Undergrad: 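First the structure, then my questions, so here it is.
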2 protein chains.
Amino acid sequence: MIFSKACEYGIKATVFIAQKSLNNERCNLTDISDEIDSPKAFTAKILQKLVKAGIVNSSKGKLGGFGINMKDSKKIKLIDVITAIDGNMIEKTCVLGLKKCSEDHPCPVHNQFKFIKKDLLKMVHKTTLSDMSKSVDIGLSCLKI
Amino acid sequence: MIFSKACEYGIKATVFIAQKSLNNERCNLTDISDEIDSPKAFTAKILQKLVKAGIVNSSKGKLGGFGINMKDSKKIKLIDVITAIDGNMIEKTCVLGLKKCSEDHPCPVHNQFKFIKKDLLKMVHKTTLSDMSKSVDIGLSCLKI
DNA sequence: TTAAATTAGGATAAAATTATCCGATTTATT
DNA sequence: AATAAATCGGATAATTTTATCCTAATTTAA
Ligand code: SF4
Ligand code: SF4
């Protein structure tokens with residue numbers, strides 16, 4: 001609901017990598033899928049997308065793994081991760097999925113729903129990777145179970 | 001996003017049937033899938049669910065079709081239609097899909113998201129079939145294109 | 001230089017969702 | 001009674017999403 005499974009994993013993975021990067025630790029695929037409780041091979045595919053989108057960096061070989069630039073994690077917003085994986089459908093698609101959606105061509109729930117959508121978009125544009133990873137780091141929130 | 005395709009069709013179909021019932025007209029499958037622009041056979045399956053859930057009534061044979069009791073349409077809420085088709089996942093599942101979700105076991109976006117979820121639930125519990133169908137009936141909203 | 005550990009990427013499989021098909025049943029009309 | 005129009009319901013197909021497998025390429029360390 002709202003996000004695809006791939007996107008859920010992507011968000012959790014990104015937050016976990018960012019959290020590790022807080023303490024200058026790199027992490028590998030096994031760490032990640034263990035910590036966020038996700039299928040390993042599938043998570044690998046998602047990480048590739050995030051690397052291509054420039055959200056996380058990766059390195060091969062022994063001591064390789066994934067990381068996120070500390071400076072970046074303050075600039076990267078939740079919406080960036082979502083867009084990298086699910087595309088921009090969160091911006092354009094909506095409850096009843098009309099082809100054409102606007103104020104003068106609304107579906108029967110548009111006026112009720114538009115405020116919720118606005119809040120949702122505001123939230124994902126505001127929340128940073130840094131916010132989320134710090135919250136996990138100090139034990140205020142969890143990534144699995 | 002948010003609702004499955006089946007649920008989108010279900011909501012639109014229900015609203016259309018309710019609108020027709022406003023003018024004491026019954027409608028058949030062909031009318032419905034034409035008016036909401038949905039695949040006919042798939043829509044038939046969804047209508048069966050709605051009939052079983054007691055949201056719409058159906059009759060077979062010539063002059064058969066679907067209808068909604070006028071009195072009912074004031075009592076039937078959007079949440080009832082959603083639950084009939086998608087089950088109650090809208091109530092229990094959430095953005096990052098943790099297995100256990102609560103105030104003392106939150107994911108990193110729980111505190112931002114909980115208000116949005118609350119608003120969404122409030123909305124679907126408040127909005128009636130009558131509200132939606134009247135809005136379509138007087139041309140304030142549309143079910144396709 | 002060899003071995004081990006890692007990401008990258010293509011091919012494929014499994015599962016879930018969406019969609020179609022067809023025969024059975026019901027009902028009104030002729 | 002026959003016919004036509006409608007829903008019902010089971011079987012199946014197509015598509016999309018989720019998940020796995022395997023090989024290649026890269027990098028470190030022994
Ligand atoms: S709520 Fe508004 S934007 Fe969303 S589908 Fe309905 S008309 Fe379109
Ligand atoms: S937002 Fe709250 S309820 Fe939803 S997955 Fe996160 S912790 Fe669970």
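Chain naming here is simple, since letters A, B, ... match the order of the sequence lines and numbering starts at 1 in each. Quantities reported herein were computed from a predicted structural model and do not represent experimental measurements.
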Undergrad: Indicate, with a heavy-atom threshold strictly under 4.0 Å, whether Lys52(B) touches base, sugar-phosphate, or nothing.
TA: sugar-phosphate
Undergrad: Nearest 0.5 angstrom please: Lys117(A) NZ to Ile116(B) CD1, how far?
TA: 13.0 Å
Undergrad: Expressed in angstrom and rounded to an integer, what is the separation of Asp37(B) atom CG from dT18(C) atom C1'?
TA: 15 Å
Undergrad: Indicate yes or no for a side-chain donor-acceptor contact from His105(A) to the backbone of Cys101(A) under 3.5 Å, with no hydrogens or angles considered.
TA: no
Undergrad: Considering the options Ile36(B), Leu129(B), Leu78(B), which one meets the side chain to side chain contact (heavy atoms under 4.5 Å, CB included) requirement together with Val15(B)?
TA: Leu129(B)
Undergrad: Could you tell me the separation between the CE atom of Met1(A) and the P atom of dT17(C), rounded to a whole number of Å?
TA: 15 Å
Undergrad: If you pin Cys7(A) and Lys62(A) to their nearest nucleotides in DNA chain D, which one's is more 5'?
TA: Cys7(A)
Undergrad: Please state how far atom CD1 in Ile32(A) lies from atom C1' in dT6(C), giving the value in whole angstrom units.
TA: 12 Å
Undergrad: If you round to the nearest 0.5 Å, how far is CD of Glu91(B) from CG of Leu120(B)?
TA: 9.5 Å
Undergrad: For Asp86(A) and dT16(D), give me the distance from atom CG to atom C1', rounded to whole Å.
TA: 13 Å
Undergrad: For the helix from dT1(C)-dA30(D) to dT30(C)-dA1(D), what angle separates the axis at the start from the axis at the finish, each from five pairs, in steps of 10°?
TA: 10°
Undergrad: Is any side-chain N or O of Ser58(A) closer than 4.0 Å to OP1 or OP2 of dA8(C)?
TA: yes
Undergrad: Using whole Å, what does the distance between atom P of nucleotide dA6(D) and atom CG of Leu47(B) come to?
TA: 14 Å
Undergrad: Between the side chains of Lys114(B) and Glu103(B), is the shortest nitrogen-to-carboxylate-oxygen separation below 4.0 Å, so that they form an ion pair?
TA: yes
Undergrad: Please tell me whether Ser4(A) and Asp86(A) have a donor and an acceptor in their side chains that are separated by less than 3.5 angstrom.
TA: yes
Undergrad: Heavy atoms under 4.0 Å, any strand shown: does Thr30(B) hit a base, just sugar-phosphate, or nothing?
TA: nothing
Undergrad: Kindly give the heavy-atom pair with the smallest separation between Val51(B) and Phe66(B), and that separation in Å.
TA: CG2-CE2, 4.0 Å
Undergrad: Is any NZ, NE, NH1 or NH2 atom of the basic residue among Asp37(B) and Lys99(A) found under 4.0 Å from an Asp or Glu carboxylate oxygen of the other?
TA: yes
Undergrad: If only side-chain N and O atoms count, and only distance matters, is there a donor-acceptor pair under 3.5 Å linking Thr127(A) with Lys77(A)?
TA: no
Undergrad: Please produce a list of atom pairs where a protein N or O lies less than 3.5 Å from an N or O of nucleotides 19-24 of chain C.
TA:
from	atom 1	to	atom 2	distance (Å)
dA19(C)	OP2	Tyr9(B)	OH	3.1

Undergrad: Return no unless some side-chain N or O of Gln48(B) is found under 4.0 Å from OP1 or OP2 of dT7(D).
TA: no
Undergrad: Mind calculating the distance between CG (Leu63(A)) and P (dA30(D)) to the nearest angstrom?
TA: 10 Å
Undergrad: Just how far, in rounded Å, is P of dA8(C) from NZ of Lys49(A)?
TA: 15 Å
Undergrad: Roughly, in whole Å, what's the span from CG in Asp34(A) to C1' in dT6(C)?
TA: 15 Å
